[in-house]
Amino acid sequence: MEITGRSKLMFVLANPVDHVRASAVLNAYFQSIGQDVATSPLHVQPDDLATVVDAIRRMGNVVGFGVTIPHKVAIIPHLDAVTPIAETIGAVNFVKRTDEGCLIGDNLDAPGFIAGLARQGHAVAGKRVLQVGAGGAGRATALALARAGAAELVISNRDRAKAQALAEAVAALHREVKVTAGAASAEDFDLVVNTTSLGMKPDDALPVDIDRIGPATIVYDIIVNPPVTRLMALAEARGAKAIGGKAMLNEQMALVADFIRR
Ligand SMILES: NC(=O)c1ccc[n+]([C@@H]2O[C@H](COP(=O)([O-])OP(=O)(O)OC[C@H]3O[C@@H](n4cnc5c(N)ncnc54)[C@H](OP(=O)(O)O)[C@@H]3O)[C@@H](O)[C@H]2O)c1
């Protein structure tokens, strides 16, 4: 990749920074679609966030930046606007910088998650869904599932109070969907979604009881690395359809390209 004065620049703001892979994924994506956009991780301490954001605002060749741990919520007061979906989720993972230096925050987890499923030919409408996890990504996926017309959504989480709070927040926004907090038993669900970090390490416990998963179930594990988690491999061995986190991530790349074009 050749970066010149004509290149558009993006960053990924993180702390710590050594785990960041999104910049490499974005660079590969923009290269594959022939766009002269280069992305670099930026190591930003929480206390320096305001200064860094203000500096980016003044950089004319920057088109946007990704935001990851721990800045996804803290960034919001430093932006000029956030999209309605980012506001509802309460977290931003991508910021567009307009030519005038305006910073607009969005959250691409939710649309990326649904688009990843749609790309595999599956719609959420009418499905009974079990979601395990109620962290940052889980908040986005739960709202996305309700918006996309799930018939029922059960949210299960190690910290039960977080599952309950998320279920109540989603139910308040989507009264048409039956949303509850419950156990991670996959019985009778059409779609089982893992949004926990369980599965990133080979010896992690399974996030759900695999015995309940059958050929009619779709298992969507949003973990990106490894590309096939133990949950996915075991679900596939039981005849279920398994979708990994790359599907969600890839769709977010396309959304970033759209977002910075607008
Ligand atoms: N594919 C994509 O595009 C995409 C996008 C965003 C995130 N992700 C992936 O999604 C995963 C979660 O990310 P996040 O940002 O939501 O993280 P997070 O906010 O830290 O949430 C972590 C979630 O995992 C649960 N968890 C962690 N360790 C656990 C354990 N030992 N046993 C049971 N539950 C455990 C947490 O439960 P508690 O609440 O009880 O702590 C919480 O629900 C990560 O693997 C991340 O890479 C993928």
Flag yes if more than 12 heavy atoms outside Glu2 fall under 6.0 Å of its CD atom; otherwise flag no. no

Side chain proximity check, Val193 to Leu130, heavy atoms < 4.5 angstrom: no

Transitively linked via ILVMFWY side-chain contacts under 4.5 Å: Met253 with Met248? no

Answer yes when Arg212 and Asp188 have at least one side-chain N-carboxylate O distance shorter than 4.0 Å, and no when they do not. no

Between Asn194 and Tyr220, does a side chain to side chain contact (heavy atoms under 4.5 Å, CB included) hold up when you go through it step by step? CA-CA 6 Å; Asn194 177 40; Tyr220 192 175; over 6 Å; no

Residue Arg147 excluded, over 12 heavy atoms near CZ under 6.0 Å: no

Can you confirm whether the side chains of His122 and Gln120 place a donor and an acceptor under 3.5 Å from each other? no

Using only heavy-atom distances, determine whether the side chains of Ser156 and Gln131 contain a donor-acceptor pair under 3.5 Å. no

Could you walk me through whether Phe65 and Phe94 pass the ring pair (Phe, Tyr, Trp, His ring centres under 6.0 Å) test, one step at a time? CA-CA 6 Å; Phe65 56 93; Phe94 188 78; 7.4 Å; no

With sequence neighbours excluded, give me every salt bridge (charged side-chain N to carboxylate O under 4.0 Å, His left out) pair touching residues 110-131. Arg119-Glu251, Arg128-Glu152

In terms of hydrophobic clusters joined by side-chain contacts under 4.5 Å, are Val219 and Val132 together? yes

Validation row: Leu206, Arg230 side chains within 4.5 angstrom (heavy atoms): yes

Do Asn15 and His71 have a side chain donor and acceptor closer than 3.5 Å? no

Minimum side-chain heavy-atom gap Val82-Asp106 below 4.5 Å: no

Is it true that atom CG of Asp99 has more than 12 heavy atoms of other residues, nucleotides or ligands lying nearer than 6.0 Å? no

Report yes if some heavy atom in the side chain of Leu79 is under 4.5 Å from a heavy atom in the side chain of Val95; otherwise report no. yes

If we ignore angles and hydrogens, is there a donor and acceptor under 3.5 Å between the side chains of Glu87 and Asn107? no

